[in-house]
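Lettering follows sequence order; numbering is per chain, from 1.
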Protein chains: 2
Amino acid sequence: MSKYDALNIKQIAELSGVSVATVSRVINQNGRFSSETEARVRRVIEESGYVPNFVAKSLRTSKNHVIGIIVPDILNSHFAGLVLELEKKLFAHGYSTVICNTNESIELEKKHIDTLIAQQVSGVIFISGTKTCKVTQDIPAVYLDRRPASYCEPSDRVLIESDNRTGGYLATQKLIESGCRNIAVFCSRDMDTNQQARFIGYQEALAESGLSCDEAMTFDLHEVSILQARDEMLRIFPSIPNLDGVLCMTDTIALGVITGLHELNITIPEQVSVTGFDDAPLAAYFQPPLTTIRQDIGALSGAAVESLIKMINGEKLESQHVVVPVSLVVRKSTRQQV
Amino acid sequence: MSKYDALNIKQIAELSGVSVATVSRVINQNGRFSSETEARVRRVIEESGYVPNFVAKSLRTSKNHVIGIIVPDILNSHFAGLVLELEKKLFAHGYSTVICNTNESIELEKKHIDTLIAQQVSGVIFISGTKTCKVTQDIPAVYLDRRPASYCEPSDRVLIESDNRTGGYLATQKLIESGCRNIAVFCSRDMDTNQQARFIGYQEALAESGLSCDEAMTFDLHEVSILQARDEMLRIFPSIPNLDGVLCMTDTIALGVITGLHELNITIPEQVSVTGFDDAPLAAYFQPPLTTIRQDIGALSGAAVESLIKMINGEKLESQHVVVPVSLVVRKSTRQQV
DNA sequence: CCTTCCGGAGTAAACGATTACTCAAATCGT
DNA sequence: ACGATTTGAGTAATCGTTTACTCCGGAAGG
């Protein structure tokens, strides 16, 4: 038997010569008790190494101090970074996290959500929520990083996202500055709202420079993977003789594009400039190091945690929709200004 | 009010016209009940969307079907891959997971473990356990991927690890085959048991080829990071004129080494061959693609989950110590056989 | 001195499941 | 046809907390 097994609040109460209610009050610092009583109880707890049973507490309060995080692909370093930050910040607030990897499967996502509900989680963070994520209105939840397709502005949940439009704008502007005039765009087939916003930024930058937006320069990837991006690059290259820039919707795509260009013996950035999006930890170590848009993981996760905890505590939120600024990180995959 | 809020087993019982005990029996498939009753109850559950409250179940049974995973750094893709697989397999067995990132801090690890105990987790998986990880003997736990320093073979917990010695041997052998005669080793300062084993494999391979093991060729990194490895490479290169191979203890280190060599204008593999360890997802996309040792994530995670679940169910384990084979993945960072 | 109030602490009813006991009815063996 | 056994299903205790009530005694106020 471990020291943890047997000890419960009742035994602490007996040992300190008070009732369970008093012990509970001392532990949770609510209700009234004299300071002598408090000292006595604290000493007993200390000496016995008593740890309150969270499960019982959760049952009683219907709050388990666990936050569920729904994430499509924890292997993607952008998501992994986000999750790590969320976990750190939530833990500091006394919350544990359950990370649910959905592998982009709606099926699995539903199962996970059922499990989370059964566990009575205190709240849920949806990272890049799928189109169908639905959780009962009464459990606190925020959307992070991607706007659900069904999202409607005024009354829906809290939404926290990067300023994707500006990101797309900045990256495109950089390419144009680098002298690019024929820019291809690599995105995923079913562009999520993030990519759509980035695309708008791209169009704006083109328009501003008096360049036209040629639909034939947009290429859809069936899925976002290095290999797919590389294959697509190899496939399309012959048909676009004057290609001089590629705007990639993610760093992963950029890595695939770079790999493909290497195989084609195209030099970067002399012949073709490439930009990514996310600023993955490895982006600085690509060959060449990648010019990309950095998302502010700290701010994104901070806003998400803050909003969620306010919701859990029933406090009012000052804003339903947080847009976090992004920044351009210039490395060597784009030419110096010409 | 959500449909989930109000529903409890009692209401299901009323709706189906039976007692709570019967509903519970149907749900858990134990005890007796007629097939008509079962059908009726199932239909009510189906229609109402009832999800049993795990918290109450946990309280009653003292098993919460949650597994804690203690991991030092989820951003490391080797660990991330392991965690992902574990999560997937555990979920298939009906377990949720709580992922605890310790950031290599013993402090934080202790806090996490206390939380896990308070949550009454059914079991714990220590990935690359630190030197001090201690959890009460009576909660099922396995060590995965790294042997704790305090580990003692016969009576301690289950340990699952890769065949690191063979890995080190194979990588070194490959370097020797590629014509390398002056091989540097890059490892972390406080070599964990994995790296120690890899190092032994390295020595064996050297000995077998009649090469001597020069202590001056071993370089310690203060921490395992791309940048540290790159810096170290730049620092040491001038002092080793005839360097022709680098055995890196992880892929992360290899990427740093490659980056450093690029900056020194050394060609890989013509002038220097490099090997890694892990076969990270991106290893194939390094420039050049990295020759490395692949760890069998599927087998590692499978063995861990299987053992843990057997322990939880009180079944006997056939082996306390599982060693998973590794394999050499040849890419372009080593020369073709000469 | 009597009423009112309040600080301190205890009693017991939840929370939502599981499961040991019961018990009635149905089935069986002889 | 009658006792024995099996089957199906209900009753209620229990897991470890929290918290709405209750109660007592002393301080304050008139």
Side-chain angles (χ1 to χ4, degrees), chain A residues 1-42 44-45 48-66 114-115 117-122, chain B residues 1-42 44-45 48 50-66 94 117-122:
Chain A
M1 285 299 117
S2 125
K3 62 174 180 172
Y4 297 104
D5 272 350
L7 277 178
N8 56 25
I9 199 173
K10 205 163 150 195
Q11 298 175 337
I12 300 299
E14 278 165 17
L15 286 174
S16 3
V18 298
S19 73
V20 292
T22 303
V23 175
S24 176
R25 289 186 194 113
V26 168
I27 291 173
N28 299 297
Q29 293 288 306
N30 61 12
R32 313 179 198 291
F33 45 83
S34 71
S35 49
E36 300 105 74
T37 307
E38 173 172 12
R40 194 145 28 96
V41 172
R42 285 211 178 289
V44 172
I45 290 178
S48 61
Y50 165 70
V51 180
N53 183 321
F54 254 64
V55 176
K57 178 175 186 150
S58 304
L59 177 58
R60 187 53 230 259
T61 61
S62 319
K63 287 262 152 74
N64 71 352
H65 275 239
V66 170
D114 274 353
T115 306
I117 290 172
Q119 286 179 12
Q120 311 252 95
V121 291
S122 304
Chain B
M1 284 298 117
S2 126
K3 61 176 182 173
Y4 296 105
D5 269 352
L7 276 177
N8 56 27
I9 200 172
K10 205 164 152 193
Q11 299 176 337
I12 300 299
E14 277 165 19
L15 286 173
S16 0
V18 297
S19 72
V20 292
T22 303
V23 175
S24 175
R25 290 188 192 110
V26 168
I27 291 174
N28 298 298
Q29 292 288 305
N30 61 13
R32 310 178 196 291
F33 45 83
S34 71
S35 49
E36 302 104 73
T37 307
E38 174 172 12
R40 193 144 30 94
V41 172
R42 284 207 179 291
V44 172
I45 290 178
S48 61
Y50 165 71
V51 180
N53 183 320
F54 254 64
V55 175
K57 180 174 186 153
S58 304
L59 178 58
R60 187 56 231 257
T61 62
S62 321
K63 286 263 149 70
N64 72 350
H65 275 238
V66 170
I117 289 171
Q119 285 179 12
Q120 312 253 94
V121 292
S122 303

Item checked: Integer-rounded Å distance: C:dG16 P and A:Gln120 CD -> 8 Å
Check: Heavy atoms under 4.0 Å, any strand shown: does A:Val18 hit a base, just sugar-phosphate, or nothing?
Finding: sugar-phosphate
Check: To the nearest angstrom, how far is B:Ile12 atom CD1 from C:dA17 atom P?
Finding: 9 Å
Item checked: Length of the CD1-P vector between A:Ile9 and D:dG16, whole Å -> 11 Å
Check: Do the side-chain N or O atoms of A:Tyr50 get closer than 4.0 angstrom to the phosphate oxygens (OP1, OP2) of D:dT17?
Finding: yes
Notebook entry, point to check: Which nucleotide, C:dT11, D:dT17, C:dG8, lies nearest any side-chain atom of A:Ser19?
Noted result: C:dT11
Item checked: Whole-Å gap separating P (D:dG16) and CD (B:Gln119) -> 17 Å
Check: Once you round it to whole Å, what is the distance between C1' of D:dG10 and NZ of B:Lys10?
Finding: 14 Å
Item checked: Residue-phosphate contact under 4.0 Å: B:Ser24 side-chain N/O, C:dT18 OP1/OP2 -> yes
Next item on the list: May I ask you to verify if any side-chain N or O of B:Asn53 is less than 4.0 angstrom from the OP1 or OP2 atom of C:dG16?
Entry: no
Notebook entry, point to check: Rounded to the Å, how far apart are B:Gln29 CD and C:dT19 C1'?
Noted result: 16 Å
Check: To the nearest angstrom, how far is A:Arg32 atom CZ from D:dG25 atom P?
Finding: 18 Å
Notebook entry, point to check: DNA chain C: A:Ala21 or B:Asn28, which has the more 5' nearest nucleotide?
Noted result: A:Ala21
Next item on the list: Could you say whether B:Arg25 or B:Thr61 is positioned toward the 5' end of DNA chain D, judged by the nucleotide with the nearest heavy atom to each?
Entry: B:Arg25
Notebook entry, point to check: Taking only N and O in the side chain of B:Thr22, is any of them less than 4.0 Å away from OP1 or OP2 of D:dG10?
Noted result: yes
Expected rows: protein N/O vs nucleotides 23-28 of chain C N/O, under 3.5 Å:
none

Check: Under 4.0 Å between a side-chain N/O of B:Thr37 and OP1 or OP2 of D:dA9, yes or no?
Finding: yes
Margin query: Using a distance-only criterion (donor-acceptor N/O pair, under 3.5 Å, no hydrogens), is the base of D:dT14 paired with the side chain of B:Arg60?
Written below: yes
Check: Does a side-chain N or O from A:Asn30 land closer than 4.0 Å to OP1 or OP2 of D:dT19, or not?
Finding: yes
Check: Roughly, in whole Å, what's the span from CZ in A:Phe33 to C1' in D:dC24?
Finding: 20 Å
Notebook entry, point to check: Quick one: is D:dA9 close enough that its OP1 or OP2 comes under 4.0 Å of any side-chain N or O from B:Ser34?
Noted result: yes
